[in-house]
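Data block below; observations after.
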Amino acid sequence: MAGVAVWNVVENLHAQDLVGGVFQADEAVLAALQSFSRAGVVAAHKQLRQESAAMEAVSKSQGTYRGCVPSYMDPHGLPSFPVPLVTSRSTLCKNVGLVDLEPGRANPGSVLHGFLRVEAFRCSNVAVTALEDDSGRMARVLALNSLFWNSSQEEVARIFPEGAEVLVKHPCLVEAEFCQGLALWVPNPLSLEIVSYFPRMEVGEPDVYLSWGSKELDERKNFLAAADLFTRCLECLRACGDETKMVVALVRRAEARIKLERYEEALADVEKALALDRHDFKSLAVKGAVLLGLKQYGSSTSCFKQVAEVEASPTYRSLYDASLRFNEQSERGVYDLSEHYLAAGANVEEDRAPELADFVGPVKVAMTRDGRGRGLFLTESVSVGQLLLVSNAVAMVFPDEDCPVLEVDKFGTLLTAVLRACMASPRTLAQVYSLAESDPVTGLTIDKNEVPEMELFQPNTGSLELHEELLLDVTRIANILHCINENGKAADTLVTRDFDGLWTLPSFLNHSCLPNVGVHYVGKALLVVAARDMEAETELVRSYGSALAPWNPMRRESIRVECRCERCALEKRLEEELRDVSQRFDALLNATSMVESEFHKQLGELAVELERKVWDMDLREAEKQWLRTSYCLAYLSFYLRNETCQREKTMPLKEDIARALHSTSPGFSKTLMAMCCLLEDGNGSGGLLEDECFALCGRQNHEVAAAIVKQARYKERFLLP
């Protein structure tokens, strides 16, 4: 099975809600499920819904949420078949019914037609509904990777509406362990296609479809249903040739698709509308919004400029200004984030971080010279503080503070979010597929030899020309996420909320314990800044884990890759000489019953012992700085908590340790926090703190740099245990 255990519900469900590790169903219901009886399926559906609601209520009352893990493999080892982003029933070779399906056997190339006959509900993050096929037989449906673990019932009903006509591609019938009995297993969100949300609506009047679609779009916010109704309206209008109303319907469907973030489809709609009436004001305005979503900021600015000249409303003027600002950001890398940083320095929680455009500076993806795979390289020389890259997240998810979830559930939430983004945009899917994957058996990274074109990641590049049909492969995307998953923690960023997310181009940054770029987050955007002066063709590297730790299991496990940098090579070479220091350091950090004052006293004494060893060894100045950085927590305890050691004459100055940190691991938020612990305001070392601010957040004026330092001082308490 690919990745981690993906369907271990027996461990995750509460025992009081289970019998033998599964939801209880009586024998009559089980027999009805086996025969695809409508009455039996409906009864089992109601029973599972009641037990699932009871289980979730108990979980939430206990302040934690233990749910089912979303899966891309079924418990019998059946794969999740890739499905094209754009497909039709005619592309599948065989129509089947429920009676044709053999439990536990895959049916690639087949399609099952039917209707959803019950109100769907969410069992953890699995959508549970029931399908009636063309022969009147019925089976439960378990749809995975379509919902989040906290999706509302309204969202469930929108995605799996009762009465909808559907196609199930590559249908698979399984004996579902966690709910007993047969069920259709749907691990790929594209495998269940809604053919029509209103199959019984045979009005024939385009005005009725247009009115109902507008109601779904504007009032009910059911964008999928709205797009379906506008499509049916267009079918009627094509028959009668009413081009004026066709323009209206195309623009309205484009608006619905914008809400679904299906910008490529929306662009096709407005292009058709403008081909019918090139002077239509609304079509041009909607096209501007579509181009803004596609990150074609220059074209979007042109559209909104024309619109604002016709109608000088505040809304259109605001959209024009936003497009102009994003175009400036994406073309020149000019971002004014002073208000954001000043608010952070004042410890003011912003309700909303500023929205930033993507920017690709002087960087390229290329193969590494030592055969490690691909990496991110400079195309020109840069100076410290220069902005290199801004990338918005493909998907970003935040935890529910009132109901924490397991790590495996957090991964499932991110997987669902990434799948939604990939389903909406072929460009996004192509970007994700360009990344490295993890081996499903060993878990090791499998890099690719193909170097993606930079045009794939750059804004303002127009529509993507695909050389092959893109398939949504849930297993492949899950393996990519296992390999490349950005985890932002409160102590490692200027924002104060934990999150998980995926950023594509920054994922090509390889690891080094001697990083040369700074990385920080503003809203959904990840900013990469030059943390050192560098020449063209230099590989850009960052630290995947704690750069302020020695070469011990903690640092090795945090980075999860083999590091070949000079710093790691030095510590491996000195492993024997530093063994006693390393072991005592680990023992102190893992101590659970030591008085705080004694803990810091011993940690400070360890810094003194390490410093004596450093001077006894024949080391370059840079190598001494690396070792001091690795044990910086010991030095912090010596200087800040252990007053009895202040008379030690062999110890370097605080400023020397701060310079060691800045030289070894610049552009790391914890480096700035540690330097703030060591350096006081007004002691003549403010320039060193400002230099570290530049390495982390880019060049800022003195007021903004001071605010960033102030925020780091506020968070420095996270450093020491």
Tell me which donor-acceptor pairs under 3.5 Å the side chains of residues 270-277 have, and how far apart each pair is, sequence neighbours excluded?
from	atom 1	to	atom 2	distance (Å)
Glu271	OE2	Lys287	NZ	3.4
Asp277	OD1	His279	N	3.1

side-chain hydrogen bond (donor to acceptor under 3.5 Å, both in side chains) filter on Asp358, not counting sequence neighbours, yields Lys295, Asn392

**Message:** Between Lys94 and Asp100, does any side-chain N to carboxylate O distance fall below 4.0 Å?
**Reply:** no

Sorted by chain and number, sequence neighbours left out, side-chain hydrogen bond (donor to acceptor under 3.5 Å, both in side chains) with Glu264 holds for Ser425

Decide yes or no for Asp473 and Val83: does some side-chain heavy atom of the first lie under 4.5 Å from some side-chain heavy atom of the second? no

Check: Are Lys169 and Glu193 ion-paired here, with the side-chain N under 4.0 Å from a carboxylate O?
Finding: yes

Run the salt bridge (Lys or Arg N to Asp or Glu O under 4.0 Å) check on Arg427 and Glu261 step by step: do they pass? CA-CA 12 Å; Arg427 178 183 289 271; Glu261 298 184 352; over 6 Å; no

Side chains of Leu210 and Pro206 in contact at under 4.5 Å (non-hydrogen atoms): no

From the list Thr129, Leu192, Leu101, Val174, side-chain contact (heavy atoms from CB on, under 4.5 Å) partner of Leu184 resolves to Leu101

Rounded to the nearest 0.5 Å, the CD atom of Glu132 sits from the CZ atom of Arg38 at a distance of 5.0 Å

Q. Checking Arg476 against Tyr433: charged group under 6.0 Å from the ring centre and within 45 degrees of the axis?
A. yes

All heavy atoms of Ile477 vs all of Cys422, minimum pair found to be CD1-SG, 4.3 Å

Check: Arg158 and Gln153 side chains under 4.5 Å, non-hydrogen atoms:
no

- So do Thr416 and Asn125 actually touch side chain to side chain, heavy atoms under 4.5 Å? no

**OP:** Report yes if the side chains of Val247 and Ser283 come closer than 4.5 Å at any heavy-atom pair, otherwise no.
**Re:** yes

query: In terms of side-chain geometry, is the basic nitrogen of Glu255 or Lys282 positioned less than 4.0 Å from the acidic oxygen of its partner?
result: yes

Here the gap from Leu131 atom CG to Phe36 atom CZ, rounded to the nearest 0.5 Å, amounts to 11.0 Å

When rounded to the nearest 0.5 Å, the distance separating CG of Leu167 from OG of Ser191 is 11.0 Å

- Query: Which word best sums up how the rings of Phe198 and Trp212 line up, parallel for under 30°, tilted for 30 to 60°, or perpendicular for over 60°?
  - Reply: perpendicular

- prompt: With the threshold set at 4.0 Å, does a side-chain nitrogen-carboxylate oxygen contact exist between Arg252 and Asp218?
  reply: yes

One should read off an interatomic distance between Phe457 CZ and Gln431 CD, to the nearest 0.5 angstrom, of 5.5 Å

CZ (Arg257) and CZ (Arg253) are apart, to the nearest 0.5 Å, by 4.0 Å

